[in-house]
Amino acid sequence: MRDAFADVANLPGVADAVAEARAAVDRLLGHRVLRRRSAEVSTESALRGARASAVLEGASVSLDELRTGEHPSDPVVQGALRVSAELGPLTETWRQAPRQVLARLHVLAAADVVENADLGRPRMDGRPVRDVLGLGEPPAASEVAARLDVLSGLLTQPTNAPALVVAAIVHGEILTLRPFGWGDGVVARAAQRLTLVARGLDPKSLTAPEVGHAELADDYAQAIRAYASGTSEGVVTWIAHCAAATSAAARDSQAICEAYQRG
C-alpha cells in the first residue's frame with residue numbers, strides 16, 4: 001500500500017525543515033534539568049500550550065490568570081484547559097483509534113457551547129462553522145467524512161515519514177476540514193501534539209507546539225491557507241511552518257528548564 005505520509009516527506013524542502021526541528025527538540029531533551037524535573041516541565045508546557053491554543057482560537061487570557069485560577073469563564077479557555085489536561089491518557093488510544101480520540105477532544109473542547117447531541121459528531125451541512133483563520137467556505141459534510149476516514153486509515157498504518165510530517169498533516173487536515181464547526185482549532189492543535197508524543201519525537205510531551213504557532217501567529221494563518229489550496233507548494237509551506245513552530249516550542253521549553261535550573 002502506498003505510504004502517503006512518506007510521499008509528503010519526500011517533497012523538496014521538507015527534510016531540511018524537519019531536521020532543524022528535530023535538532024531543536026533533541027537539544028531540549030538533553031537538558032540536565034530534565035533528569036529530575038521532566039514532569040514539572042511537561043506540566044508547565046501543558047499550561048502554556050492550553051493558553052496559546054485558546055489565544056489562537058480568539059480568546060484573551062494570560063498565563064498568570066491561568067495559574068491563579070482567576071481566568072475568564074470564556075468557553076474557549078475552559079475547553080483548551082480540559083483538552084490539555086486529558087492529552088496524556090489519550091496517547092495510546094490515538095495510536096489505535098484516532099477517530100475516537102478526535103470525538104473525545106471535541107467533547108472536551110466544546111462542552112460549554114455545543115448541544116450534547118452534536119458533541120464529538122462530525123457536522124452536517126448547514127451547521128454553523130466558526131472561521132477563526134479566515135479560510136472561507138468549509139468543505140461539505142460528505143468531503144469531511146471521506147477525508148477523515150482516509151486520515152484515520154493512514155494513521156493506523158505503518159509509515160516511514162517523520163513524526164513531524166505526520167503531525168503537520170493531521171493538524172492541517174483538521175484545520176482545513178473544520179469537522180465539528182466549533183473548537184476545531186483546539187482539536188487540531190491537540191491532535192498535532194498527540195502525534196508528536198505517540199510517534200516518539202517528544203515522548204514526554206515537554207514541548208507545546210501551540211506556543212510556537214502562537215509565536216508565529218501571522219504565519220500560522222497564511223500557512224494553513226496555503227495548505228488548504230491543495231498544492232504541493234502549499235503543503236510544503238505548511239510543514240515548514242509546523243517545523244518552525246516546533247523549534248520555537250522547544251526553545252520555550254528550554255527556557256523553562258533554564259528558569260528551573262536558576263531556582
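Both backbone and side-chain heavy atoms feed into the values below; hydrogens, waters and symmetry mates do not. We're numbering straight along the sequence, starting at 1.
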Determine yes or no for a side-chain-to-main-chain donor-acceptor pair under 3.5 angstrom, with [X] supplying the side chain and [Y] the backbone.
X: D184; Y: L175; answer: no
X: R51; Y: D64; answer: no
X: T43; Y: A39; answer: yes
X: R37; Y: C257; answer: no
X: T159; Y: L155; answer: no
X: W182; Y: A110; answer: no
X: S84; Y: L47; answer: no
X: R123; Y: R178; answer: yes
X: D252; Y: A248; answer: no
X: S152; Y: D149; answer: no

Distance-minimising heavy-atom pair for [X] and [Y]:
X: V186; Y: A80; result: CG1-CA, 4.1 Å
X: D3; Y: A161; result: OD2-N, 4.4 Å
X: L29; Y: L201; result: CD1-O, 4.1 Å
X: A240; Y: A17; result: CA-CB, 4.1 Å

Note: E258-R251 ion pair, threshold 4.0 Å (strictly below): no
Could you tell me the separation between the [atom1] atom of [X] and the [atom2] atom of [Y], rounded to the nearest 0.5 Å?
X: D74; Y: E57; atom1: CG; atom2: CD; answer: 10.0 Å
X: T207; Y: L28; atom1: OG1; atom2: CG; answer: 7.0 Å
X: E44; Y: S253; atom1: CD; atom2: OG; answer: 9.0 Å
X: Q78; Y: L108; atom1: CD; atom2: CG; answer: 12.5 Å
X: T68; Y: L63; atom1: OG1; atom2: CG; answer: 10.5 Å
X: W94; Y: R99; atom1: CH2; atom2: CZ; answer: 10.5 Å

Under 3.5 Å side-chain donor-acceptor pair for S53 and R193: no
CZ (R22) with more than 12 external heavy atoms under 6.0 Å: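 Atom CZ in R22 is crowded, with more than 12 foreign heavy atoms closer than 6.0 Å.
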Exceeds 12 heavy-atom contacts within 6.0 angstrom, atom CG of N116: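 Counting other residues, nucleotides and ligands, CG of N116 stays at 12 neighbours or fewer.
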Verify same cluster id: W238, V132 (apolar side-chain graph, 4.5 Å):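 W238 does not cluster with V132.
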Derivation of the side chain to side chain contact (heavy atoms under 4.5 Å, CB included) call for L66 and V77: CA-CA 9 Å; L66 293 183; V77 176; 3.9 Å; yes
Verdict with supporting geometry, R147 and E143, salt bridge (Lys or Arg N to Asp or Glu O under 4.0 Å): CA-CA 6 Å; R147 285 172 63 173; E143 182 180 349; 2.8 Å; yes
Aromatic ring proximity, centroids under 6.0 angstrom, H171 and Y220: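 Ring centroids of Y220 and H171 are less than 6.0 Å from each other.
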Working for side chain to side chain contact (heavy atoms under 4.5 Å, CB included), residues D118 and R127: CA-CA 10 Å; D118 293 330; R127 188 191 297 180; 3.3 Å; yes
